[in-house]
*Asks:* 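Got a structure for you, questions after.
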Amino acid sequence: MLKFRIRTALIAMAVIAVLVFACVRITEYPRWRQRGANAIATLQERRPSNVPAKTWEIATNWALTAYANTCFSGGHVPLSELKAFVSEAEEELSGPVDLDSIDWVWGRLAETSPRSEEYVQRFQPEYRFHVYGEPSPVSLKHGIP
(Lines give C-alpha, C1' and ligand atoms only; values in the text may rest on other atoms or scores of the structure.)
Protein backbone atom coordinates (compact mmCIF):
# COMPACT_ATOMS: atom_id res chain seq x y z
CA MET A 1 0.00 0.00 0.00
CA LEU A 2 2.83 2.40 0.88
CA LYS A 3 4.60 1.59 -2.41
CA PHE A 4 1.39 2.39 -4.29
CA ARG A 5 1.07 5.77 -2.58
CA ILE A 6 4.71 6.63 -3.22
CA ARG A 7 4.40 5.58 -6.87
CA THR A 8 1.18 7.60 -7.25
CA ALA A 9 2.80 10.63 -5.65
CA LEU A 10 5.84 10.36 -7.93
CA ILE A 11 3.64 10.06 -11.02
CA ALA A 12 1.57 13.05 -9.89
CA MET A 13 4.75 15.10 -9.34
CA ALA A 14 6.05 14.11 -12.78
CA VAL A 15 2.79 15.13 -14.43
CA ILE A 16 2.82 18.45 -12.59
CA ALA A 17 6.43 19.06 -13.64
CA VAL A 18 5.57 18.38 -17.28
CA LEU A 19 2.57 20.73 -17.10
CA VAL A 20 4.63 23.50 -15.49
CA PHE A 21 7.33 23.10 -18.13
CA ALA A 22 4.71 23.21 -20.90
CA CYS A 23 3.14 26.36 -19.47
CA VAL A 24 6.51 28.08 -19.21
CA ARG A 25 7.38 27.06 -22.76
CA ILE A 26 4.04 28.22 -24.16
CA THR A 27 4.36 31.66 -22.58
CA GLU A 28 8.06 32.14 -23.36
CA TYR A 29 7.62 33.17 -27.01
CA PRO A 30 4.98 35.84 -26.27
CA ARG A 31 7.13 37.28 -23.48
CA TRP A 32 10.17 37.59 -25.74
CA ARG A 33 8.04 38.94 -28.58
CA GLN A 34 6.69 41.64 -26.25
CA ARG A 35 10.19 42.54 -25.09
CA GLY A 36 11.19 43.10 -28.72
CA ALA A 37 8.12 45.19 -29.41
CA ASN A 38 8.87 47.28 -26.33
CA ALA A 39 12.47 47.86 -27.44
CA ILE A 40 11.34 49.09 -30.84
CA ALA A 41 8.42 51.10 -29.43
CA THR A 42 10.83 53.15 -27.30
CA LEU A 43 12.02 54.70 -30.55
CA GLN A 44 8.73 56.52 -31.01
CA GLU A 45 9.42 58.92 -28.15
CA ARG A 46 13.12 59.33 -28.89
CA ARG A 47 13.10 61.30 -32.14
CA PRO A 48 16.43 62.89 -32.99
CA SER A 49 16.23 66.65 -33.45
CA ASN A 50 17.48 66.43 -37.04
CA VAL A 51 14.61 64.16 -38.18
CA PRO A 52 11.20 65.68 -38.92
CA ALA A 53 8.44 64.42 -36.63
CA LYS A 54 6.35 62.98 -39.49
CA THR A 55 9.35 61.15 -40.95
CA TRP A 56 10.20 59.69 -37.55
CA GLU A 57 6.60 58.62 -36.99
CA ILE A 58 6.48 56.87 -40.36
CA ALA A 59 9.85 55.20 -39.83
CA THR A 60 9.06 53.90 -36.35
CA ASN A 61 5.63 52.68 -37.42
CA TRP A 62 7.21 50.77 -40.31
CA ALA A 63 9.74 49.21 -37.89
CA LEU A 64 7.03 48.13 -35.46
CA THR A 65 4.92 46.72 -38.27
CA ALA A 66 7.87 44.83 -39.76
CA TYR A 67 8.70 43.37 -36.36
CA ALA A 68 5.10 42.36 -35.64
CA ASN A 69 4.71 40.73 -39.05
CA THR A 70 8.00 38.85 -38.98
CA CYS A 71 8.25 37.77 -35.33
CA PHE A 72 4.66 36.59 -35.27
CA SER A 73 5.23 33.04 -34.03
CA GLY A 74 7.78 30.28 -33.62
CA GLY A 75 6.73 29.09 -37.07
CA HIS A 76 7.93 32.38 -38.52
CA VAL A 77 11.00 33.04 -36.36
CA PRO A 78 12.37 30.34 -34.05
CA LEU A 79 12.50 31.23 -30.35
CA SER A 80 16.30 31.11 -30.33
CA GLU A 81 16.45 33.67 -33.16
CA LEU A 82 13.82 35.84 -31.48
CA LYS A 83 15.84 35.85 -28.27
CA ALA A 84 19.00 36.78 -30.17
CA PHE A 85 17.21 39.60 -32.04
CA VAL A 86 15.64 41.01 -28.87
CA SER A 87 18.89 40.91 -26.91
CA GLU A 88 20.75 42.67 -29.72
CA ALA A 89 17.94 45.19 -30.26
CA GLU A 90 17.82 46.11 -26.58
CA GLU A 91 21.54 46.82 -26.68
CA GLU A 92 21.58 48.52 -30.10
CA LEU A 93 18.63 50.78 -29.29
CA SER A 94 19.64 51.66 -25.73
CA GLY A 95 21.78 54.66 -26.67
CA PRO A 96 21.21 57.58 -28.99
CA VAL A 97 19.11 56.66 -32.02
CA ASP A 98 18.56 57.95 -35.54
CA LEU A 99 17.25 56.63 -38.85
CA ASP A 100 20.25 54.31 -39.05
CA SER A 101 18.89 52.62 -35.91
CA ILE A 102 15.63 51.86 -37.69
CA ASP A 103 17.53 50.66 -40.74
CA TRP A 104 19.43 48.35 -38.36
CA VAL A 105 16.11 46.87 -37.21
CA TRP A 106 15.18 46.09 -40.81
CA GLY A 107 18.55 44.52 -41.55
CA ARG A 108 18.60 42.45 -38.38
CA LEU A 109 15.02 41.26 -38.90
CA ALA A 110 16.04 39.90 -42.31
CA GLU A 111 18.57 37.68 -40.53
CA THR A 112 16.07 36.04 -38.17
CA SER A 113 14.53 33.58 -40.66
CA PRO A 114 13.89 32.94 -44.36
CA ARG A 115 10.32 34.25 -43.96
CA SER A 116 11.61 37.44 -42.36
CA GLU A 117 14.12 37.88 -45.17
CA GLU A 118 11.30 37.57 -47.73
CA TYR A 119 9.21 40.11 -45.79
CA VAL A 120 12.08 42.59 -45.68
CA GLN A 121 12.79 42.16 -49.39
CA ARG A 122 9.13 42.77 -50.14
CA PHE A 123 8.41 45.75 -47.87
CA GLN A 124 11.68 47.52 -47.14
CA PRO A 125 11.58 49.32 -50.52
CA GLU A 126 8.23 50.86 -49.51
CA TYR A 127 9.65 51.87 -46.14
CA ARG A 128 12.62 53.49 -47.88
CA PHE A 129 10.27 55.26 -50.32
CA HIS A 130 8.19 56.75 -47.49
CA VAL A 131 11.15 57.65 -45.28
CA TYR A 132 13.93 58.52 -47.72
CA GLY A 133 11.99 59.18 -50.92
CA GLU A 134 13.81 56.39 -52.73
CA PRO A 135 11.94 54.93 -55.72
CA SER A 136 10.32 51.57 -55.07
CA PRO A 137 8.76 49.02 -57.43
CA VAL A 138 5.28 50.08 -56.29
CA SER A 139 5.93 53.80 -56.65
CA LEU A 140 7.49 53.28 -60.07
CA LYS A 141 4.51 51.13 -61.12
CA HIS A 142 2.19 54.03 -60.25
CA GLY A 143 4.36 56.61 -62.01
CA ILE A 144 5.70 58.16 -58.80
CA PRO A 145 9.42 58.89 -59.17
Side-chain angles (χ1 to χ4, degrees), residues 6-145:
I6 292 173
R7 188 178 314 171
T8 303
L10 289 174
I11 291 172
M13 288 180 0
V15 168
I16 291 169
V18 167
L19 290 174
V20 167
F21 177 78
C23 288
V24 167
R25 197 74 178 134
I26 288 170
T27 61
E28 190 171 14
Y29 199 94
R31 282 186 312 208
W32 278 93
R33 187 178 60 228
Q34 187 60 51
R35 272 182 65 177
N38 292 346
I40 296 169
T42 66
L43 294 169
Q44 293 178 311
E45 303 304 320
R46 298 168 55 208
R47 179 179 63 87
S49 60
N50 65 337
V51 178
K54 189 65 177 168
T55 300
W56 190 250
E57 178 186 0
I58 291 167
T60 57
N61 285 339
W62 270 101
L64 281 166
T65 300
Y67 175 77
N69 287 334
T70 56
C71 297
F72 180 73
S73 72
H76 292 84
V77 171
L79 179 59
S80 60
E81 289 298 321
L82 177 64
K83 286 179 173 182
F85 172 84
V86 171
S87 296
E88 291 173 31
E90 288 173 339
E91 184 173 332
E92 179 74 23
L93 304 176
S94 66
V97 294
D98 56 17
L99 288 173
D100 288 341
S101 306
I102 297 174
D103 292 343
W104 177 89
V105 169
W106 279 93
R108 185 60 184 85
L109 282 174
E111 298 171 4
T112 61
S113 75
R115 283 187 177 185
S116 295
E117 184 178 15
E118 290 172 12
Y119 182 93
V120 169
Q121 287 175 357
R122 182 174 177 194
F123 291 103
Q124 189 178 34
E126 284 304 301
Y127 154 75
R128 296 193 68 80
F129 171 73
H130 290 285
V131 173
Y132 297 108
E134 295 177 3
S136 74
V138 173
S139 66
L140 292 173
K141 179 181 173 183
H142 291 47
I144 303 169

*Asks:* Minimum heavy-atom separation for Cys71 and Leu109, please, with both atom names.
*Replies:* SG-CD2, 4.0 Å

*Asks:* From the options Tyr29, Phe85, Phe72, Trp32, select the one residue that forms a side chain to side chain contact (heavy atoms under 4.5 Å, CB included) with Val77.
*Replies:*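 Option passing the side chain to side chain contact (heavy atoms under 4.5 Å, CB included) with Val77: Tyr29.
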
*Asks:* Could you pull out all residues at least two apart from Arg35 that satisfy salt bridge (charged side-chain N to carboxylate O under 4.0 Å, His left out)?
*Replies:* Glu90

*Asks:* What distance do Tyr67 atom OH and Ser116 atom OG have between them, rounded to the nearest 0.5 Å?
*Replies:* 10.5 Å

*Asks:* Go through it in stages, so that I can follow the logic: the residues are Thr112 and His76, the test is side-chain contact (heavy atoms from CB on, under 4.5 Å), and I'd like the CA-CA distance, side-chain angles, deciding distance and then a yes or no.
*Replies:* CA-CA 9 Å; Thr112 61; His76 292 84; over 6 Å; no

*Asks:* Hey, is the main chain of Ser101 close enough, under 3.5 Å, to the side chain of Asp98 for a donor-acceptor pair?
*Replies:* yes

*Asks:* To the nearest 0.5 Å, tell me how far Asp100 CG sits from Glu92 CD.
*Replies:*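 It is 9.5 Å, given to the nearest 0.5 Å.
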
*Asks:* Take a 6.0 Å sphere around CD of Glu91 and say whether it holds more than 12 heavy atoms from other residues, nucleotides or ligands.
*Replies:* no

*Asks:* As an exercise, state the distance from CZ of Arg115 to OG1 of Thr70, rounded to the nearest 0.5 Å.
*Replies:* 11.5 Å

*Asks:* I'd like to check the side-chain contact (heavy atoms from CB on, under 4.5 Å) partners of Pro78; sequence neighbours left out, ordered by chain and number.
*Replies:*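 Partners of Pro78 by the side-chain contact (heavy atoms from CB on, under 4.5 Å) criterion, ordered by chain and then number, come out as Ser80, Glu81, Ser113.
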
*Asks:* Under the 3.5 angstrom rule, does the side chain of Thr42 hit a backbone N or O of Ala39 as a donor-acceptor pair?
*Replies:* yes

*Asks:* How many angstroms lie between OG1 in Thr60 and CD in Glu45, if you round to the nearest 0.5 Å?
*Replies:* 8.5 Å

*Asks:* Can you measure from NZ (Lys54) to NE2 (His130) and round to the nearest 0.5 angstrom?
*Replies:*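 The distance works out to 11.0 Å.
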
*Asks:* Apply salt bridge (charged side-chain N to carboxylate O under 4.0 Å, His left out) to Arg33 and list each qualifying residue two or more places apart in sequence or on a separate chain.
*Replies:* none

*Asks:* Under 6.0 Å between ring centres: does that hold for Phe123 and Tyr127?
*Replies:*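 So the answer is no for these two rings.
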
*Asks:* Residues in salt bridge (charged side-chain N to carboxylate O under 4.0 Å, His left out) with Arg108, at least two apart?
*Replies:*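 Per chain and number, Arg108 pairs via salt bridge (charged side-chain N to carboxylate O under 4.0 Å, His left out) with Glu88, Glu111.
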
*Asks:* Please list, chain by chain and in numerical order, all residues satisfying side-chain contact (heavy atoms from CB on, under 4.5 Å) with Asn61, sequence neighbours excluded.
*Replies:* Gln44, Glu57

*Asks:* With Ala63, which residues qualify under side-chain contact (heavy atoms from CB on, under 4.5 Å), at least two apart?
*Replies:* Ile40, Ile102, Val105

*Asks:* Would you indicate whether the side-chain heavy atoms of Val97 and Trp104 approach each other to under 4.5 Å?
*Replies:* no

*Asks:* If we only count heavy atoms from C-beta on, is the Leu99 to Trp56 side-chain gap below 4.5 Å?
*Replies:*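 They are in contact (side-chain heavy atoms under 4.5 Å apart), so the answer is yes.
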
